[in-house]
There are 2 protein chains.
Amino acid sequence: MNPILASDSLTQRLADSGLRATPQREVVYSVLLRKRDHPTAEEVFARVKAELPTISLATVYNCLETLVQCELVRAVNFERSPTRYCPNLRPHAHFHDEQTGRTYDIDLPPAVLAEVNQVLPAGFDASSVEITFRGQARATS
Amino acid sequence: MNPILASDSLTQRLADSGLRATPQREVVYSVLLRKRDHPTAEEVFARVKAELPTISLATVYNCLETLVQCELVRAVNFERSPTRYCPNLRPHAHFHDEQTGRTYDIDLPPAVLAEVNQVLPAGFDASSVEITFRGQARATS
DNA sequence: GCGATTATTTGGAATTGTTCCAATTCCAAG
DNA sequence: CTTGGAATTGGAACAATTCCAAATAATCGC
Ligand SMILES: [Mn+2]
Ligand SMILES: [Mn+2]
Ligand SMILES: [Zn+2]
Ligand SMILES: [Zn+2]
């Protein structure tokens with residue numbers, strides 16, 4: 001919410017990775033924070049253009065990749081549709097509404113996450129889990 | 001395992017959808033059953049060619065799509081890498097080994113599946129869940 | 001069985017999302 | 001200021017998949 005804090009944490013995370021806080025990276029990130037509807041790279045591109053009309057699609061891809069590397073943003077995939085980007089850092093699953101195409105964040109309680117990890121037999125060392133629902137969501141918001 | 005049974009269930013499922021049991025569909029399906037290593041369409045294509053040297057890649061894609069529609073096969077996606085195909089019909093998660101690229105089936109007990117579905121707030125009606133692990137697997141087989 | 005109708009396969013072109021690349025442009029340090 | 005590396009840019013290239021129109025094959029009514 002707070003743009004100063006957001007921008008600070010961005011600058012910090014980038015610095016931690018030895019990267020610079022460029023206007024392109026800042027605007028791409030702020031666009032993701034502003035409207036958390038899991039936009040595609042093309043959608044991010046369109047939104048960023050409003051502020052930086054000369055930015056290129058390649059740069060948007062670069063910035064998104066950078067933000068994912070810095071773990072400020074998650075890349076979300078449904079089947080083979082374009083990758084979507086999510087700045088929600090809490091552990092959460094995704095719900096993909098087949099009718100509307102909308103994507104919802106579903107908070108994952110630690111207990112559930114723990115139980116899911118229990119299904120792994122000995123010898124499987126998971127660094128991450130992804131949980132994705134597909135179905136229909138009743139409009140709430 | 002049993003080719004007669006497999007072929008019968010294939011013929012049955014196809015008939016249920018008003019589709020024919022063609023040699024291409026049969027061989028594509030048998031190739032998936034024979035080596036359950038989650039091959040890509042290209043890999044299936046290569047394996048099927050041994051039996052049907054004149055089959056086309058488009059037909060392999062068509063057959064795989066048909067088998068997925070008939071619910072005899074699951075399409076499995078990791079990030080944006082090529083779709084993989086899995087004839088295991090039991091409820092299971094996938095474990096993607098980042099080093100080797102191999103994909104493992106992880107059986108999902110009904111209790112875990114139930115608990116995972118519990119995380120959905122009212123208004124979310126899921127028709128399917130996908131659980132995907134990424135990490136490192138110690139070689140067992 | 002025979003021709004008509006429909007389903008399926010085929011090869012190649014097209015599409016889509018993404019990555020690559022070489023040429024600038026930008027910056028920060030000396 | 002210079003200068004070397006970092007970042008951006010536009011366009012070409014790429015990979016996976018889908019589309020398409022023509023050829024083949026199976027099925028149906030007779
Ligand atoms: Mn959809
Ligand atoms: Mn991998
Ligand atoms: Zn999310
Ligand atoms: Zn599987």
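Each chain gets a letter, A, B and so on, in the order the sequences are listed, and its residues count up from 1. Values below: every heavy atom of this structure, side chains too, minus hydrogens, waters and symmetry copies.
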Task: Close side-chain approach of Leu14(A) and Thr11(A), heavy atoms under 4.5 Å - done: no

Task: All pairs passing salt bridge (Lys or Arg N to Asp or Glu O under 4.0 Å) where residues 37-47 of chain B contributes a residue, at least two apart - done: Lys35(B)-Asp37(B), Asp37(B)-Arg47(B), Glu43(B)-Arg84(B)

Task: Closest contact, heavy atoms only, Asn77(B) versus Glu79(A) - done: ND2-CA, 3.7 Å

- [ ] Describe, in one word, how the ring planes of Phe133(A) and Phe95(A) are oriented to each other, choosing from parallel (under 30°), tilted (30 to 60°) and perpendicular (over 60°).
- [x] parallel

Can you pull every protein N or O that's under 3.5 Å from an N or O on nucleotides 15-19 of chain C?
residue : atom : partner  : partner atom : Å
dT18(C) : OP1  : Thr83(A) : N            : 2.9
dT18(C) : OP1  : Thr83(A) : OG1          : 3.0
dT18(C) : OP2  : Tyr61(A) : OH           : 2.5
dT18(C) : O5'  : Tyr61(A) : OH           : 3.3

Task: Pairs touching residues 61-73 of chain B that satisfy salt bridge (Lys or Arg N to Asp or Glu O under 4.0 Å), sequence neighbours left out - done: none

Please enumerate all protein N or O atoms sitting under 3.5 Å from an N or O of nucleotides 2-8 of chain C, with distances to 0.1 Å.
residue : atom : partner  : partner atom : Å
dA7(C)  : O4'  : Arg20(B) : NH2          : 3.0
dT8(C)  : OP1  : Arg20(B) : N            : 3.0
dT8(C)  : OP1  : Arg25(B) : NH1          : 2.9

All N/O donor-acceptor pairs, side-chain side in residues 113-129 of chain B, below 3.5 Å, sequence neighbours left out:
residue   : atom : partner   : partner atom : Å
Asn117(B) : ND2  : Leu113(B) : O            : 2.9
Ser127(B) : OG   : Arg134(A) : O            : 3.1
Ser128(B) : OG   : Arg134(A) : NH1          : 3.4

Task: SB check Arg74(A) Glu130(A) (cutoff 4.0 Å) - done: yes

Task: Thr66(A) side chain vs Asn62(A) backbone, donor-acceptor pair below 3.5 Å - done: yes

Task: Side chains of Asp105(B) and Cys86(B) in contact at under 4.5 Å (non-hydrogen atoms) - done: yes

- [ ] For the residue pair His92(A) and Asp107(A), confirm or rule out a side-chain donor-acceptor distance under 3.5 Å.
- [x] no

Task: Segment of DNA chain D, first to last nucleotide, that comes within the 4.0 Å heavy-atom reach of chain B - done: dA16(D) to dT27(D)

